[in-house]
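These notes concern the structure reproduced below.
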Amino acid sequence: MRFATWNVNSVKARLPRLVDWLADTSPDVVCLQETKVAEDAFPAKEVAELGYDTAAYGQGRWNGVAVLSRIGLDDVRRGFPGQPGFPDQEARAISARCGGIRFMSVYVPNGRTPEDPHYIYKLEWLAALRTALADDLAAGPLVVAGDYNVAPTDADVWDPAVFAGSTHVTPPERAALAAILEIGLHDVPARPLKGDRPFTYWDYRAGMFHQNKGMRIDLVYASTDVAARVTDAVVDREARKGKGPSDHAPIVVDLGD
DNA sequence: ATGACGTACGCAGTACGA
């Protein structure tokens, strides 16, 4: 089985690239984030032509997540029990069972700045996610993939000095990720196709991608049984190249039997 | 550098992102 996660930064704007990427990469399951469309506006017909069923959760202009699968898709859940809002619940998590594994696509709140109420929301959101995932883990194989908006270590940003005092690197955010792993999930490390670190995000501005000034903020967390099946995991930086890319690259994971 | 670039909304300029 091959699965992937990708923050597409608008599925409408990225549709031509998404379709080409699906055809070239041929994943069985895909977790998408920042689709930025309501559920009924998701291009489900276009991906169905490539054999994918869609489960989408959207609210229009902001956020939006989806799971695509060509190996079956059932028991769809939009959001998770106890998911905090800001103040209303946002479309930041969706899960479905595909090929015997529950896949959750997550788009963790950004946090904006450590002084902003959105930062507290981010921490509360991650704590509530941990609680919900403990129940999901007890129910069977689990993959939680997406844009966590946290760089787990200083090595996961191109220059820690640049991010001092910013969100994405603070100890409470990193502790929230560690707490999620403590319930029995495993960080699936992806290898970079170029450079020494598996960055998944590069700002559009100032030639950051060209200079490989990136961040590792998109992550794949997997239950023990799934993690043991991983044969390869890569950051597909090719998808970040060229005209009209997302600012995030996909992570592609291969599982053996 | 209150910057850059890109997206949505909507038709100018604002909000947001990490």
Side-chain angles (χ1 to χ4, degrees), chain A residues 5-19 21 32-43 56-66 85-93 105-123 125-126 145-177 197-219 235 237 239-251:
Chain A
T5 181
W6 193 7
N7 178 325
V8 290
N9 187 16
S10 170
V11 73
K12 286 184 185 171
R14 218 64 59 214
L15 187 58
R17 290 188 69 124
L18 175 62
V19 167
W21 179 84
L32 298 175
Q33 303 86 37
E34 283 211 84
T35 55
K36 295 184 176 179
V37 286
E39 183 178 342
D40 60 7
F42 191 95
Y57 181 29
Q59 58 186 82
R61 184 174 189 178
W62 305 117
N63 311 313
V65 285
F86 193 75
D88 300 322
Q89 187 179 98
E90 299 178 308
R92 294 181 176 274
S105 176
V106 294
Y107 176 49
V108 175
N110 172 287
R112 300 180 187 171
T113 70
E115 299 76 30
D116 194 292
H118 206 262
Y119 176 79
I120 300 302
Y121 168 53
K122 179 181 194 174
L123 294 178
W125 201 95
L126 285 167
D147 180 356
Y148 281 73
N149 267 324
V150 179
T153 73
D154 278 351
D156 295 315
V157 296
W158 64 275
D159 183 358
V162 169
F163 294 91
S166 300
T167 56
H168 296 63
V169 301
T170 66
E173 291 166 272
R174 288 173 169 172
L177 290 199
R197 288 180 286 176
F199 295 144
T200 63
Y201 163 86
W202 301 261
D203 197 298
Y204 284 123
R205 294 168 284 191
M208 299 291 270
F209 177 67
H210 182 69
Q211 301 169 72
N212 198 29
K213 293 178 175 178
M215 307 171 76
R216 175 179 178 249
I217 53 175
D218 299 88
L219 305 170
V235 180
R237 74 186 299 281
R240 181 63 178 77
K241 292 181 177 178
K243 185 176 174 59
S246 169
D247 43 2
H248 295 251
I251 299 170

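The analysis underlying the following values was restricted to heavy atoms, covering all of them including side chains, and did not include hydrogens, waters or symmetry mates. For clarity, every value in this text was computed on a predicted model and none was experimentally measured. Proteins come first, then strands; the chains are lettered A, B, ... in the order of their sequence lines, and each starts at number 1.
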Next item on the list: Report yes if at least one side-chain N or O of A/Arg112 is closer than 4.0 Å to OP1 or OP2 of B/dA18; otherwise report no.
Entry: no
Item checked: Separation of atom NE2 in A/His168 from atom C1' in B/dC16, rounded to whole Å -> 12 Å
Checklist line | 5' precedence on DNA chain B between A/Val108 and A/Gly244 (nearest-nucleotide basis) | finding: A/Gly244
Notebook entry, point to check: Expressed in angstrom and rounded to an integer, what is the separation of A/Tyr201 atom OH from B/dT7 atom P?
Noted result: 13 Å
Notebook entry, point to check: Quantified in whole Å, what is the C1' atom distance between nucleotide B/dA1 and nucleotide B/dT7?
Noted result: 23 Å
Notebook entry, point to check: Can a donor-acceptor pair be found between the side chains of A/Gln33 and A/Thr5 at a distance below 3.5 Å?
Noted result: yes
Checklist line | Under 3.5 Å side-chain donor-acceptor pair for A/Thr167 and A/Glu173 | finding: no
Margin query: Quick check on side-chain hydrogen bond (donor to acceptor under 3.5 Å, both in side chains): which of A/Asn7, A/Thr200, A/Asn110 does A/Asp147 satisfy it with?
Written below: A/Asn7
Next item on the list: Taking the side chain as every heavy atom from C-beta outward, state whether A/Pro160 and A/Val169 have any pair of such atoms under 4.5 Å apart.
Entry: no
Next item on the list: Can you sort out the partners of A/Arg205 under salt bridge (charged side-chain N to carboxylate O under 4.0 Å, His left out), two or more places apart, ordered by chain and number?
Entry: A/Asp203
Next item on the list: Quickly work out the A/Glu90 CD to B/dA15 C1' distance and round it to whole Å.
Entry: 13 Å
Margin query: Measuring only the P atom in each nucleotide, how far is B/dA15 from B/dG3? A whole number of Å is fine.
Written below: 13 Å
Next item on the list: Could you work out the separation of B/dA4 and B/dT14 based on their P atoms and round it to a whole Å?
Entry: 14 Å
Next item on the list: Check every strand shown and say whether A/Asp147 touches a base, only sugar-phosphate, or nothing at a heavy-atom separation below 4.0 Å.
Entry: sugar-phosphate
Checklist line | Integer-rounded Å distance: B/dA15 P and A/Trp62 CH2 | finding: 10 Å
Next item on the list: Find the distance A/Glu34:CD to B/dG17:P and express it as a whole number of Å.
Entry: 8 Å
Notebook entry, point to check: Is the closest side-chain donor-acceptor distance between A/Asp156 and A/Thr153 under 3.5 Å?
Noted result: yes
Notebook entry, point to check: What does A/Thr167 touch in the nucleic acid at a heavy-atom separation under 4.0 angstrom: a base, only the sugar-phosphate, or nothing?
Noted result: nothing
Notebook entry, point to check: Taking the six-membered ring of A/Phe209, is NZ or CZ of A/Arg240 closer than 6.0 Å to its centre and within 45° of its axis?
Noted result: yes
Margin query: Base, sugar-phosphate or nothing for A/Tyr148? Non-hydrogen atoms, less than 4.0 Å.
Written below: nothing
Checklist line | P atoms of B/dG17 and B/dA12, separation to the nearest Å | finding: 26 Å
Check: Are OP1 or OP2 of B/dA18 and a side-chain N or O of A/His248 less than 4.0 angstrom apart?
Finding: yes
Margin query: Distance check, C1' atoms only: B/dA18 and B/dC5, in whole angstrom units.
Written below: 13 Å
Check: A/Asn9 and A/Ser246: side-chain donor and acceptor closer than 3.5 Å?
Finding: no
Check: Between B/dC16 atom C1' and A/Tyr119 atom OH, what is the distance in whole Å?
Finding: 20 Å
Checklist line | Separation of atom CH2 in A/Trp202 from atom P in B/dA18, rounded to whole Å | finding: 14 Å
For nucleotides 2-6 of chain B, print each protein N/O atom paired with a nucleotide N/O atom at under 3.5 Å, atom names and distance only.
unit_1 : atom_1 : unit_2   : atom_2 : d
B/dA4  : N7     : A/Arg205 : NH1    : 3.0

Next item on the list: Grab the CZ-P distance between A/Arg61 and B/dG17 for me, whole Å please.
Entry: 11 Å
